[in-house]
Amino acid sequence: MWEIGPIFRAMMRNKVGAALIAVQIAVTMTIIVNSIFIISERKDLMARESGMDEANSFYLTSYSFAPEFNTKVTVKEDLEMIRQLPGVVDAMQVNAIPISGGGWSMGLQTEPGDDIDGTGVAVYMVDEHGTRTFDVEVIAGEDFKPTDIEWRERGQNHWPAQILITKAMAQSLFPDDPWQSVVGKTVYINRNEAIIIKGIIDKLQAPWIGWDKVENVMLVPQYLDFNSYRYFIRTEAGRRDELMPKVEELLATSNKGRIIRSMRSIEETRERSYRQHSAMINILSTVMVILTIVTALGIVGLASFSVNRRKKQIGTRRALGASQGDILRYFMLENFLISSVGVVLGAALTVGLNIWLVQAFSLNRIDWYLIPAGMVVLWIVGQIAVFGPAKRAASIPPALATRTV
């Protein structure tokens, strides 16, 4: 017999303690389930592939200060020297770095006009070595040729006649068409300036990891005639760390009219960009562990208090024939009932908190299976926590019923 009636009446005599534990379980479940969902989302974001050969790529910045510094000549000479280094797969000048947090963006339209909404796209200005250096593949159309590359001056608004875009960008621009058919189509930048899509690359991420269109990218065939610009270098497998100081020294000594700075690997850039996500995961994980421990200790405390108050009652039950298993089951079931109230309340609070997070921070809705999973976990935690006090209660001897205090 499960003796639900006596258990319920016993809980009513200590309803404040039982209610506090139920509320504690509900709050713990609400925070833990939503935390697990947020952690899962953050981990999915951090695991997204950028499209680059991250393990073997790095970049650095060249900043010129000499009055007669010739950027056009220097860039050509620098790239030729870097590409000739043993272990370098390829190199290019570029305006921005994927997943770095800072870069250029524009809007592309499928029709000209000031009243047409554009589709946001990240812009990387590269030469004919761009796809090989980024380690991306042209999956439709053609790659850039040397004759396609132009020089971009400061303040220039004109754009080249052809671009490459990612598959994701092609699908964003023309959602009703097969992405392969986008090659050769005309799009518009600056509202009315026509550009032809020369080819489509498989995947490349924008600089902004929090952007919901992070794979909307276009490659533009341009060199930069700026005072400050970056070189992006891809090396053979395992040779990145060896070549980083060599490239830095080569560029620093080849031209004294500039400063070489901010050399960084793509792996380090990824770690820096996702540092807040990592910190959030660590904080939420710590909070979940602490809450689980506190809740378990609360259950242990309530059960121990209940056992101490009912020692004589337990002894009487033992004298009347109750086995140790009966006593153990009694306290385990009592905790199960309290936990059930807590997890049911917690399920409602979990949904409510998630609705608020969706509205306030534009998060996704929680996966439904996390709620029953959280309920089961807290049921198990409750049973494990109460087992020790219940075991002590079951060991109370029947002779205790004859003692007076």
Side-chain angles (χ1 to χ4, degrees), residues 51-66 68-98 100 103-104 123-138 142-154 156 159-160 162-164 198-199 201 204 207 217-237 239-266 269:
M52 300 179 291
D53 182 8
E54 294 188 23
N56 302 297
S57 299
F58 69 97
Y59 61 95
L60 44 77
T61 301
S62 173
Y63 179 79
S64 61
F65 58 85
E68 303 300 326
F69 190 88
N70 191 323
T71 300
K72 293 182 179 180
V73 173
T74 303
V75 168
K76 294 284 189 177
E77 292 177 348
D78 288 346
L79 290 175
E80 185 176 354
M81 287 189 300
I82 296 172
R83 290 165 182 163
Q84 288 178 354
L85 284 175
V88 171
V89 174
D90 216 331
M92 64 178 174
Q93 184 202 47
V94 70
N95 64 306
I97 305 298
S100 65
W104 295 30
V123 179
Y124 296 121
M125 296 168 183
V126 303
D127 59 18
E128 71 275 15
H129 296 261
T131 55
R132 188 164 185 251
T133 307
F134 271 144
D135 191 30
V136 296
E137 180 183 356
V138 178
E142 297 180 357
D143 201 349
F144 295 136
K145 299 176 181 178
T147 53
D148 295 329
I149 316 302
E150 303 175 0
W151 281 96
R152 187 180 190 90
E153 310 290 339
R154 279 192 171 277
Q156 176 181 321
W159 293 83
Q162 296 179 319
I163 58 171
L164 302 181
K198 184 174 184 177
I201 59 175
L204 188 62
V217 170
M218 73 173 181
L219 303 185
V220 178
Q222 285 185 324
Y223 291 116
L224 302 172
D225 189 7
F226 296 173
N227 291 334
S228 179
Y229 49 85
R230 297 178 180 88
Y231 289 125
F232 190 101
I233 299 96
R234 179 182 167 210
T235 71
E236 294 176 357
R239 302 196 64 180
R240 182 198 66 197
D241 294 343
E242 166 199 344
L243 286 165
M244 286 177 70
K246 291 182 179 180
V247 172
E248 183 179 33
E249 182 180 4
L250 175 67
L251 296 178
T253 56
S254 65
N255 193 320
K256 300 298 183 180
R258 49 113 177 261
I259 297 173
I260 301 299
R261 62 183 183 182
S262 303
M263 184 171 66
R264 192 168 293 155
S265 69
I266 296 299
T269 299

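Counting begins at 1 with the first residue of the sequence.
- Looking only at distances, a side-chain donor or acceptor of S64 sits under 3.5 Å from a matching main-chain atom of N227.
- Under the 4.5 Å side-chain criterion, counting only non-hydrogen atoms from C-beta, F144 is not in contact with H129.
- Enclosure of atom OH in Y63 is not indicated, since only 12 or fewer non-hydrogen atoms of other residues, nucleotides or ligands lie within 6.0 angstrom.
- With hydrogens and angles disregarded, a donor-acceptor distance shorter than 3.5 Å links the side chain of K198 to the backbone of D143.
- Closest heavy-atom contact between W151 and T71: CH2-O, 4.3 Å.
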Tell me, with the steps shown, if M218 and W159 meet side chain to side chain contact (heavy atoms under 4.5 Å, CB included). CA-CA 12 Å; M218 73 173 181; W159 293 83; 4.1 Å; yes
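- Under a 4.0 Å N-O distance rule, the pair R240/E54 does not qualify as a salt bridge.
- Of the listed residues (L79, L219, T133, D148), just one forms a side-chain contact (heavy atoms from CB on, under 4.5 Å) with D127, and that residue is L79.
- Closest non-hydrogen pair, A237 versus N56, comes out as CA-OD1, 3.3 Å.
- In this structure, CZ in R264 is found 8.5 Å from OG1 in T61, a value given to the nearest 0.5 Å.
- In this structure, Y229 OH and N95 CG are separated by 14.0 Å, a value rounded to the nearest 0.5 Å.
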For residues 247-256, dump all side-chain donor-acceptor pairs below 3.5 Å to protein atoms at least two apart in sequence or in another chain.
unit_1 : atom_1 : unit_2 : atom_2 : d
T253   : OG1    : E249   : O      : 2.8
T253   : OG1    : L250   : O      : 3.3
S254   : OG     : L250   : O      : 3.2
S254   : OG     : L251   : O      : 3.1
S254   : OG     : R258   : NH2    : 3.2
N255   : OD1    : G257   : N      : 2.9

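- Minimum heavy-atom separation, D53 to R234: OD2-NE, 3.3 Å.
- The closest side-chain donor-acceptor pair between Y59 and S100, if any, does not fall under 3.5 angstrom.
- Side-chain atoms of D135 and M52, non-hydrogen and from C-beta on, never get closer than 4.5 Å to each other.
- Listed here is the closest heavy atom pair of A96 and R230: CA-NH1, 3.9 Å.
- Going from atom CD of E150 over to atom CD of E153 covers 11.0 Å, rounded to the nearest 0.5 Å.
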Quick one, I266 with F58, criterion side chain to side chain contact (heavy atoms under 4.5 Å, CB included). Give me CA distance, side-chain angles, the key distance, then yes/no. CA-CA 5 Å; I266 296 299; F58 69 97; 5.9 Å; no
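- Atom-to-atom distance recorded for L204:CG and L164:CG is 11.0 Å, nearest 0.5 angstrom.
- Figure legend: R154 and F226 shown as a cation-pi pair, the cationic atom lying under 6.0 angstrom from the six-membered ring centre and within 45 degrees of its axis.
- Between the CD1 atom in I201 and the CD atom in E137 there is a gap of 10.5 Å [rounded to 0.5 Å].
- The two residues E242 and K246 have their closest heavy-atom pair at OE2-NZ, 3.3 Å.
- A distance of 12.5 Å separates OG1 in T235 from CD1 in I82, rounded to the nearest 0.5 Å.
- Heavy atoms only, all atoms of each residue included: Y231 and T74 are closest at OH-O, 4.0 Å.
- Inter-residue side-chain proximity for E128 and K145 is flagged as unmet; no heavy-atom pair is nearer than 4.5 Å.
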